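Beneath this line is the structure, given in C-alpha cells, with notes to follow.
Counting convention: from 1, in listed order, for ligands and their atoms alike. Note that the coordinates shown come from a computational prediction; the quantities given were computed from them, not determined experimentally.
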Amino acid sequence: MFERLVTVIIDRHHRGGRSVNCVTIVRFWFDPMSISLGGKNVPLLCPGLTREALEFVAGLEREFRRRIIYALECRREAKRRYNDGGLPGFDPATRFVREGEWRCAAPPPAVADRKVEITGPVERKMVINALNSGAKVFMADFEDALSPSWENLMRGQVNLKDAVEGTISFHDKARNRVYKLNDQTAKLFVRPRGWHLPENHIHIDGQPATGCLVDFGLYFFHNHATFRRTQGAGFGPFFYLPKMEHSREAKIWNCVFERAEKMAGIENGSIRATVLIETLPAVFQMEEILYELRDHSVGLNCGRWDYIFSYVKTFQGHPDRLLPDRVLVGMTQHFMRSYSDLLIRTCHRRGVHAMGGMAAQIPIRDDAVANEAALDLVRKDKLREVRAGHDGTWAAHPGLIPAIMEIHKVKREDAANLTEEDLIQRPRGVRTMEGLRLNTRVGIHYLAAWLTGTGSVPLYNLMEDAATAEISRVQNWQWLKYGVELDGDGLGVHVTRELFGRVVEEEMERIEREVGKERFNKGMYKEACKIFTRQCTAPILDDFLTLDAYNHIVVHHPKGSSRL
Ligand SMILES: CC(=O)SCCNC(=O)CCNC(=O)[C@H](O)C(C)(C)COP(=O)(O)OP(=O)(O)OC[C@H]1O[C@@H](n2cnc3c(N)ncnc32)[C@H](O)[C@@H]1OP(=O)(O)O
Ligand SMILES: O=CC(=O)O
Ligand SMILES: [Mg+2]
C-alpha cells in the first residue's frame, strides 16, 4: 500500500507579473490514468484530486492558516492555565451572547427528522450499508472512525462522490455479492478531521495542509451542486464538526463555509453543520459556538467519548479529579448528565437539534443471550437520551437501528439551573487492576488496527475508535502519573511503572493468544505496543494519540513527478 503514496505540492510562482499556482504531484497513488473533464483528458490520481479542487483547498489554506495556528496556540495557552490549577468556566466577556435573544437559522426540511443517525468510516461497502440502513442520517467519517492514511482518505473521497451521485456500488468477490443503493437512503453528513491534524501528503507553500480543510475542500468542491439537487432539497452539503474547544474555532469554520458558498455561487446559509460538543472547554462555549455558526448550524451533538477523554486531558494537572475505571464513566455520572442536559437546553433555546451520542455496544453474532443484553443496554441508553430531551441519536451498527427506532419521544421540560460545578463534578467509582489491563489491551489492539488502515474495530463486543481508545491511553497515563491506588479489587496496589511494565508484557501475551501467532507476527502489535507504552509513560501528556501515530502512516516516495 505504501509503495504508491503521493505528495502534492502547491506553490505560488510569479509569471509575467501574475501570481499562479504550481501544482506538482510527486508519484502516483493509483497507476496513472485519466478522465475526461469538459471534453479534455485530465491526468488523474483519483476523482478528488483535480487541479481545480486542489487550488480551492490551497485557497482555503492560505486564507485560514494563520487563524488556525492562532486557535491552536490559544488551546495551548488554556492548557497551561488548567495545568496551573485553573478550572474551565463560562467566559464573562461573552455573557451578552449567552443572555441575548437570538436564534439559529431554521433547520432545512431535508434534515428535519434526525431520530437515528448511523456513523461509520468512509469505506465503500460501509458507505452503501449505512446509506441503506434505514437511519435518517449517515455521518460519513474522516475522523474518529478512520485511520487517515492517504489511501483511505482518497478512496473515501471517491466513495462519497459516487454516493452523492447515486452510482456507488461494490462487488464483494469472496461472497459474490453486489452492493447498491436502495431507493430510500439516509441523508449524508460528512465529518472532516479536527483542526489539529495535518495532511502531510499535501504541501501548500512549503507547509503541510490542514487535514480538515483537505477533507472539507475536496468533498465540497466535487459534490456541492449534485448534493443540493439530489439530497439537500436546495441546501447542503451537510457536515459534522469535531473536537473544537472554543467558539473562535467555530468562527473559522463559519468563514470557511462563507468562502466555499461564494466560490460555488450559492446562498449564505446553504451549508449546514452540527458541532460535536466533545471537549470539556467547549461545554462552556456552546452558546457562543452556535452564535458564530448561527446561519450554518443544524445543532450540537454529545460526543461523549471524546468528552471523557477531554475531561482527563483538561484535568491532567489535577490529581483530585482522577477517573474511575473506564467502564464506570457513562452518561449517568453527574458531570456527563449535566453536559447532556445543558446541550439540550442550549439547542432548544436557539432552535436547533440536540443530538445524543454513541452507545458503544454492537450486536454479538454468536451469542444470543449476550446479544440481547447488549441490545438492552443500547435501548436503555437511548431511552435515557430521549427522556432527557434529545431530538435524535447515534447508532454504531445497522443492527441497532430497529431497536432505536422503536423508542419514542417523551415530553419533558429542559433542565434548568446547571452550574459550572455540575459540569465538572468529580466522577465517582473505583479503580481496578482489570481496568488497567483492559485499557492496555484495548489501546494496543486499537492502535495496531489503526496503523494498518482500520480506524474503527469491534473489541470485546464493543465499538472502539480513536475517541474510545484515547480514554484508555489518558487514563493509564493519569493513573501512572499519580501512582493511584487500585481500590476496587481489594489488592491495594499502586500503579507504578514496574507494575505497568508487567501488565503490558502480560497483555501482549494475551493479545497474541487472542489473535493467533501468525496474525500477531504479521500485524503491527509490537509497534502499537511501543507507541502506546511511550504515550502512557510520557512525562508530559501527548495531546492526541493519533498525532504521534500519524507519523507512522505517512511515507513519501518522491520518485518521479508530474504537473497538473
Ligand atoms: C466516538 C465516535 O466518534 S462514534 C462514531 C465513530 N465510530 C463509528 O462510526 C463506528 C461505526 N461502526 C463500525 O465501524 C462497525 O460497526 C464496527 C467496526 C464497530 C463493527 O463492524 P463489523 O465487525 O464489520 O460488524 P459486523 O461484522 O457485525 O457487520 C455486519 C454488517 O454490518 C455492516 N456494518 C457494521 N457497522 C456498520 C456501520 N457503522 N455502517 C455501515 N455498515 C456497517 C458491516 O459492513 C457488515 O456488512 P455486510 O454484512 O454487508 O458484510
Ligand atoms: O465523536 C464522538 C465521540 O463520542 O467522541
Ligand atoms: Mg469524537
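- By the definition of a contact as any protein heavy atom under 4.0 Å away, atom 24 (O) of ligand 1 is not in contact.
- Between Glu123 and ligand 1 there is no heavy-atom distance shorter than 4.0 Å.
- The residues Asp172 and Arg177 are annotated as not salt-bridged, no charged nitrogen and carboxylate oxygen being separated by less than 4.0 angstrom.
- Relative ring orientation between Tyr240 and Trp394 is described as perpendicular, the plane-to-plane angle rising above 60° on a 0-90° scale split at 30° and 60°.
- Taking only nitrogen or oxygen atoms, main chain and side chain alike, Tyr307 does not reach within less than 3.5 Å of ligand 2.
- Taking backbone and side chain together, Glu278 holds an N, O or S atom under 2.8 Å from the Mg ion (ligand 3).
- At a 4.0 Å heavy-atom cut-off, ligand 2 touches Asp144 through the side chain alone.
- The shortest contact between atom 2 (C) of ligand 2 and any protein heavy atom is with Glu278 OE1, 3.4 Å.
- Of the options Arg191, Arg114, His353, a side chain to side chain donor-acceptor pair (under 3.5 Å) to Thr274 is made by Arg114 and by none of the others.
- Judged by the 6.0 Å distance and 45° axis criteria, Arg294 is positioned over the aromatic ring of Tyr291.
- Taking every heavy atom of Ile118 and a limit of under 4.0 angstrom, the matching atoms of ligand 1 come to 38 (C), 40 (N).
- The N, O or S atom of Asp144 with the smallest distance to the Mg ion (ligand 3) is OD2.
- Comparing heavy-atom distances from atom 5 (O) of ligand 2 across Thr119, Asp306, Thr468 singles out Asp306 as nearest.
- The minimum distance between the Mg ion (ligand 3) and any N, O or S atom of Asp306 involves atom OD2.
- Neither the backbone nor the side chain of Glu470 has a heavy atom within less than 4.0 Å of ligand 2.
- Distances between N or O atoms of Trp394 and those of ligand 2 include no value under 3.5 Å.
- Against a heavy-atom cut-off of under 4.0 Å, Ala145 is close to the following atoms of ligand 1: 6 (C), 7 (N), 8 (C), 9 (O).
- The shortest non-hydrogen separation linking Ala374 to Ile362 is CB-O, 4.0 Å.
- Among protein heavy atoms, atom 1 (O) of ligand 2 sits closest to Arg191 NH1, 2.8 Å.
- Under a 4.0 Å heavy-atom criterion, Glu143 is not in contact with ligand 1.
- Remark: ligand 2 and Trp305 share an N or O pair separated by less than 3.5 Å (distance only, no angle test).
- Residue Pro192 comes nearest to Phe142 through the heavy atom pair CA-CB, 4.2 Å, listed as atom of the first residue, atom of the second, then distance.
- Using cut-offs of 30° and 60° for the angle between ring planes, the Tyr307 and Tyr339 rings count as parallel.
- Contact annotation for Asn301 and ligand 2: no heavy atom of the residue comes within less than 4.0 Å of the ligand.
- Note on ligand 1: Pro363 sits outside its first shell, no heavy atom being nearer than 4.0 Å.
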